[in-house]
Amino acid sequence: MEDVIIIGAGACGCSLLYELSRYKVKTLLLEKENDVSVGTTKANSAIVHAGYDPEPGTKMAGYNVYGNALIEQLAADLDIPYKKIGSLVVGFDETDRKSIEKLLEKGNKNGVPGLKILEKEELFLMEPNLSKEAICALYAPSAGIIAPWELALAQAECAVKGGAKIEFNAEVISIEKKKDGFKVKTNKGDFESKFVVNAAGVNSDIVSRMIEPEFFTITPKSGEYFLLDTTEDGIVNTVVFPCPSVLGKGILVSPTVHGNIIVGPDSKISDKDYLGCTAKGLASIREGALRLIPSVNLRASIRNFSGVRADAGLEDFIVGQSKTAPGFFNMAGIKSPGLTSAPAIAKDVAKMLNEAGLEFKPNSNFVSKRKIKRFKHMSDAQKAQAIKENPAYGAIVCRCQTITEGEVIDALNRPIPPVSLDGIKRRCLTGMGRCQGGFCGPKVQSLISQMSKRKQKDIPLDREGMYIIISETKKGDL
Ligand SMILES: Cc1cc2nc3c(=O)[nH]c(=O)nc-3n(C[C@H](O)[C@H](O)[C@H](O)COP(=O)(O)OP(=O)(O)OC[C@H]3O[C@@H](n4cnc5c(N)ncnc54)[C@H](O)[C@@H]3O)c2cc1C
């Protein structure tokens, strides 16, 4: 019997797994996909929000501001790519100025540090490519950018090293209340635990209904993006937003931690597993981006993608113990700023579990830190040393991102070995550049095949079933 079963390996589930790994707690994370960060956590704006958007007094406001501070420390401890570059909410007229003043007031109430309104002169010094129509902006110096999938992955890797368990390809089908806990049924078998935490993202309503009466419904809302080539780096220096509307925070233009520019998202109701992009959606994003930054070059796009928000139609996240099924906890309806908030939500849920009877004795095997070798960022002397220690560091696999075979092999030996091309991409960035894996894809696939002893044709792009090699060419199978 486990102490805690967590359902879902996104930012929320993995933050809680890490938090609980501080203690001698038997924790099992069940994930329906084949890796960490395969849901919403991998596809979003990647902004560590400052915290002026949420309504003061909500859990969301507290989690956002606390999460922002926690992420700065986590990024340092766990070697997660992160930059505190600040954000701007830009105003174009007096109506916008009023909403910016309201955001400032909310931000001050929420305890966001360093907020101030910039007038034209100061604003253009910071962002020279901003539309000349801009008249002012709210500046939030504590906002940042992060590799979102790494936030979950880094925490999960440390937790697993510290003794936590993850079962992949294990979709939770039903939950049964037992005398001393729960029986959690999956397509891979049954598991028992004293406590269960629902961190199932867009499926959190379905999981909740397995054990408690319906009290919320997730409306999935997709957001599409352009990812621009690193040639566009420098077009903006901060995260640049328009004023928010009823649809959300609006279409932003921002640097990414990997030197690209991200532009988006829109917002529309979608399926829960939607991954697509539409001409209409992308056209609306183009329009929004050009209004902010007229010289942004959307022709330099190297990829379009989308992510799906878990919108419960509430002003707040759903976090806490079930009223009808004691021992069952929700981390549900975690829409934006859920990535930023996840570490703070996890700390709160860990405290609630403790108050509900989960014993916390320090785990002497707790792994609080992680360090990743990144060839591209090494000095010449460090590169020479890395190649001397392991000649695989002398073989470049991904030319766009300068990723070596050594890094791919190291990734395959990490505590949660990747099983797909995108699994390697999330760990080493292969396929993140201009050619989008056209050059490195077959090599990476072959390395996974060699190390995992699986046939190359069985290595998927990402989720199980997303196969790349379907048949031999010219054999006429198709
Ligand atoms: C377009 C967009 C932009 C965003 N921008 C930002 C931003 O800039 N900053 C920010 O802070 N937040 C942002 N967010 C929000 C943020 O991405 C999410 O709040 C966060 O990633 C949610 O994490 P999660 O762990 O709750 O869900 P997920 O990452 O979706 O994880 C849930 C996991 O549960 C698994 N699962 C589901 N059902 C089952 C089942 N039955 N059994 C087992 N496993 C199951 C899924 O496979 C998935 O891996 C954005 C979201 C979107 C969509």
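No hydrogens, no waters, no symmetry mates; every other heavy atom, side chains included, goes into these values. As the structure is a computational prediction, the values presented were derived from the model and not from experiment.
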Test salt bridge (Lys or Arg N to Asp or Glu O under 4.0 Å) applied to E72 and K84, step by step: CA-CA 8 Å; E72 189 169 4; K84 192 170 169 178; 3.1 Å; yes

Heavy atoms from other residues, nucleotides or ligands near CZ of R454 exceed 12 (cutoff 6.0 Å): yes

For the student: nearest non-hydrogen atoms of D458 and Y467, plus distance: O-CE2, 3.5 Å

Pair K188 + E167, salt bridge at N-O below 4.0 Å: yes

Considering all heavy atoms, the nearest S379-Q382 contact: N-OE1, 2.7 Å

Candidate pair I5 and V197, rule side chain to side chain contact (heavy atoms under 4.5 Å, CB included), full reasoning: CA-CA 6 Å; I5 284 180; V197 181; over 6 Å; no

I71 vs Y82 side-chain heavy atoms within contact, under 4.5 Å: yes

Reference residue Y63; test side-chain hydrogen bond (donor to acceptor under 3.5 Å, both in side chains); the match among D348, N68, T340: D348

Side-chain donor or acceptor of D266 paired with backbone N/O of E224 under 3.5 Å: yes

Non-hydrogen side-chain atoms of P255 and I85 separated by less than 4.5 Å: yes

More than 12 heavy atoms from other groups under 6.0 Å of CZ on R434: no

Point-to-point distance, once rounded to the nearest 0.5 Å, from CG of N390 to CD1 of I409: 6.5 Å

Of all pairs that satisfy ring-ring contact (aromatic ring centres under 6.0 Å, His included), the ones with a partner from residues 361-380, not counting sequence neighbours: Y18-F366

Stepwise salt bridge (Lys or Arg N to Asp or Glu O under 4.0 Å) check, K116 with E122: CA-CA 11 Å; K116 65 173 178 170; E122 222 179 332; 3.2 Å; yes

Residue pair I47, S254: steps toward the side chain to side chain contact (heavy atoms under 4.5 Å, CB included) verdict: CA-CA 9 Å; I47 312 303; S254 171; 3.8 Å; yes

Qualifying residue, where the test is side-chain hydrogen bond (donor to acceptor under 3.5 Å, both in side chains) with K42 and the options are D462, D422, D35: D462

Interatomic spacing from CG in L20 to CZ in F195 - rounded to 0.5 Å: 10.5 Å

Among S222, S336, P265, S270, side-chain contact (heavy atoms from CB on, under 4.5 Å) partner for R309: P265

Heavy atoms from other residues, nucleotides or ligands near NZ of K272 exceed 12 (cutoff 6.0 Å): yes

Qualifying residues under salt bridge (charged side-chain N to carboxylate O under 4.0 Å, His left out), relative to K453, sequence neighbours excluded: none

Any side-chain donor near an acceptor of the partner, E171 and N187, under 3.5 Å: no

Row check, Y393 ring normal vs K373 NZ/CZ: under 6.0 Å, within 45°: yes

Qualifying side chain to side chain donor-acceptor pair (under 3.5 Å) pairs, either residue in residues 150-163, two or more places apart: S15-Q155, E150-R370, E157-R370, E157-R414

By ring-ring contact (aromatic ring centres under 6.0 Å, His included) - contacts of F360 (at least two apart): Y23

Minimum-distance pair of heavy atoms, taken over all atoms of I468 and P460: CD1-C, 4.3 Å

Closest heavy-atom pair and its distance - P141, L115: CD-N, 4.3 Å

Flag side-chain contact, heavy atom, 4.5 Å: D271 against P220: no

N44 side chain vs T41 backbone, donor-acceptor pair below 3.5 Å: yes

More than 12 heavy atoms from other groups under 6.0 Å of NZ on K24: no

Spatial distance of atom CG (N260) from atom CZ (F226) [nearest 0.5 Å]: 14.5 Å

Atom pair NZ/CG of K369 and L74 - distance to nearest 0.5 Å: 11.5 Å

Beyond-backbone contact of F305 with I262, side-chain heavy atoms, under 4.5 angstrom: yes

Residue pair F241, V90: steps toward the side chain to side chain contact (heavy atoms under 4.5 Å, CB included) verdict: CA-CA 6 Å; F241 292 98; V90 178; over 6 Å; no

Y139 side-chain N/O to S87 backbone N/O, donor-acceptor pair under 3.5 Å: no

T238 and E127: side chain donor to acceptor below 3.5 Å: yes

From CE (M451) to CD1 (I459), nearest 0.5 Å: 11.5 Å

Within 6.0 angstrom of D380 CG, more than 12 heavy atoms from elsewhere: no

Heavy-atom neighbours of E359 CD exceed 12 at 6.0 Å: no

Donor-acceptor contact below 3.5 Å, side chain R463 vs main chain V38: yes

Residue pair V36 / F168, side-chain heavy-atom distance below 4.5 Å: yes

D190 backbone acceptor or donor facing K183 side chain under 3.5 Å: no

pair F317-I345: side-chain heavy atoms closer than 4.5 Å: yes

S452 side-chain N/O to I448 backbone N/O, donor-acceptor pair under 3.5 Å: yes

R427 vs E407 side-chain heavy atoms within contact, under 4.5 Å: no

Main-chain N/O of G276 paired to S306 side chain as donor or acceptor, under 3.5 Å: yes

Steps toward side chain to side chain contact (heavy atoms under 4.5 Å, CB included) verdict (V296, E232): CA-CA 8 Å; V296 67; E232 307 311 299; over 6 Å; no

Donor-acceptor contact below 3.5 Å, side chain N330 vs main chain A332: no

Residue pair V48 / I145, side-chain heavy-atom distance below 4.5 Å: no

N110: side-chain hydrogen bond (donor to acceptor under 3.5 Å, both in side chains) partners, not counting sequence neighbours: none

Heavy-atom donor-acceptor pair, N64 side chain to S341 backbone, under 3.5 Å: no

For F182, all residues meeting ring-ring contact (aromatic ring centres under 6.0 Å, His included), sequence neighbours excluded: none

Verdict with supporting geometry, E19 and K347, salt bridge (Lys or Arg N to Asp or Glu O under 4.0 Å): CA-CA 6 Å; E19 200 49 42; K347 278 202 181 286; 3.2 Å; yes

Side-chain donor or acceptor of S204 paired with backbone N/O of G201 under 3.5 Å: yes

